[in-house]
Amino acid sequence: MSTPALHIAGLSHRYGARLALDGVSLNVAPGEFRVLLGPNGAGKSTLYGLLTRLLACQSGAIELFGQTLSAPAMAGLGVVFQQPTLDLDLTVEQNLAYFAALHGLRGSERRARIDAELQRMALVERRHERVRLLNGGHRRRVEIARALLHRPRLLLLDEATVGLDMPARRFLVEHVHRLAREEGLAVLWATHLIDEVRADDHIALLHQGRLLASGVAGELTAQAECDSLAQWFDRQTGKEDSACLWP
Amino acid sequence: MPVALTVLGAIVWRELLRFWQQRSRFFGALVRPLIWLIVFASGFRAALGLSIIPPYETYITYDVYITPGLVGMIQLFNGMQHSLSLVYDREMGSMRVLLTSPHRLSWLLTCRLLAGVVVSVVQVYGFLLIARLWGVDIPWMGFIWVFPALLITGVLLGAAGMLISSWVNQIENFAGVMNFVVFPVFFLSTALYPLWKMQESSVWLYWVCAVNPFSSAVETLRFALYGQLALEPALVTLAGAAVLLALAIRGYRPRQRA
């Protein structure tokens, strides 16, 4: 069995007396598109904070491609945060160049990679525009282009589509699926929006800090004899209403 | 070129780009010390007589005396501005991009600090040039001699700002910082009056000014402008810079809370 892109074992995290994550264990294989599904407050952002070393690990273990999470290991990781993180006063290209340099890319290689990502995200025409002038969908495209510049092997996206309209969401979901399928990129896609989940997606359901279920979305729904993933999600999380847009 | 230097270059380049795009910041940074120099110092020129004290070799006018203090003021305010921009970056999320890059936290923060120092040095040279043209007697060579002093004083004051930014959670809390940190630090120093003048009016104020690290920074700059090394103030400035930077890095370590 190959080394998982991401290995999480028994991860727990507390904010004072409140337990935000409770013994979460999860693997993401290379080339796998894994959905981390959970309602608001489930602990997704805490988990991402730990995976990106913005929060100190209290208990449990995290490994990236078999390596303990450390500064050098971060080179293999691309991240799109829930909160926008672009420099609004810099242009699209300047944002990308800054990030590329942070990852040690220089000269012609840096230019070539920026050109390639801009091309792929259909942003070539906007490269000299200040980010402040872009709409939400284009800003997210820039963030995804940026997260891929250093050719990471694992991409983490935390509620990357929040606030976007349907075409922009569809574009991003499809694009990231394609990256996993065609380039072997491992993806952990955190969302609370069930309509972003496809029947053949591998999901992990996080609720109140605990991993409640894991498996292929369509199979989990069928096994529970639910009409839809939304119904299954409601049943698992004990909610009457969900953010479901998918019948 | 080692990757660490590429990272430093990128962070300095970004800071200069942002500074260039906020040109009003440059003029704003110059207006404050220039008002002190042109209005305040001119007004007090006749009232305040200064005896011959090192590094000066003759009687000097008050505007000559306060010029190094105003250089320190530029760096002090720049340090606070830098601190504000760190809090802003944290709120806007761009700090996350920096902190999740594959480098040691201490190096990333040192780069961020040096980027702020570079911006402060640009501002200082703009001010010194105008002061020289205004008639303040600064040797042209002083522009070169002062450069290393500007780096260490910039690191001291930038690190102080960085440490404060690690404590301040929201931009809204910054007004208090200005009132309770910047003004006492500036006024209780040798920036505006020599220590012996202060001693004449109050012994305890004299001691407060004497132990204020900002006084050491100002004296380091004052001597450097005339090609002299003030060893003790320079060492205090260096030690203060190292301690504050270490504390700031500690303050930015991954936290247990979100």
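First the proteins, then the strands, lettered A, B, ... as listed; each starts at 1. We use all heavy atoms of the structure for the numbers below, so side chains are in, but hydrogens, waters and symmetry mates are not.
- A 6.0 Å sphere centred on CZ of A/Arg120 holds more than 12 heavy atoms belonging to other residues, nucleotides or ligands.
- The parts of B/Ile11 that come within reach of chain A are both its backbone and its side chain, each placing non-hydrogen atoms under 4.5 angstrom from that chain.
- Remark: A/Thr52 OG1 to B/Leu99 CG distance equals 9.5 Å, nearest 0.5 Å.
- Rounded to the nearest 0.5 angstrom, B/Arg18 CZ and A/Leu90 CG are separated by 7.0 Å.
- In this structure, A/His103 NE2 and B/Thr6 OG1 are separated by 12.5 Å, a value rounded to the nearest 0.5 Å.
- Enclosure of atom CZ in A/Arg178 by more than 12 non-hydrogen atoms of other residues, nucleotides or ligands within 6.0 angstrom is indicated.
- Proximity to chain B (any heavy atom under 4.5 Å) is shown, for A/Leu50, by neither the backbone nor the side chain.
- When side chains are defined from C-beta on, A/Leu102 counts as touching B/Leu98, because their heavy atoms get closer than 4.5 Å.
- At least one side-chain heavy atom of A/Gln94 sits under 4.5 Å from a side-chain heavy atom of B/Leu17.
- Summarising the geometry of B/Pro102 relative to A/Ala75, their closest heavy-atom pair is CB-N, 3.6 Å, with the distance given to 0.1 Å.
- A/Phe99 CZ to B/Arg14 CZ: the interatomic distance, rounded to the nearest 0.5 Å, is 13.0 Å.
- A donor-acceptor pair shorter than 3.5 Å cannot be found between the side chains of A/Thr85 and B/Arg96.
- What you find for A/Ala97 and B/Trp13 is that their closest heavy atoms are CB-CH2, 4.2 Å.
- Chain A forms the most heavy-atom pairs under 4.5 Å with one residue out of B/Val7, B/Leu108, B/Thr100, and that residue is B/Thr100.
- Rounded to the nearest 0.5 angstrom, A/Thr91 OG1 and B/Gln21 CD are separated by 8.0 Å.
- For B/Phe147, the CZ atom sits in a loose shell: 12 or fewer heavy atoms of surrounding residues, nucleotides or ligands are nearer than 6.0 Å.
- The number of heavy atoms from other shown groups lying within 6.0 Å of CZ (B/Arg132) is above 12.
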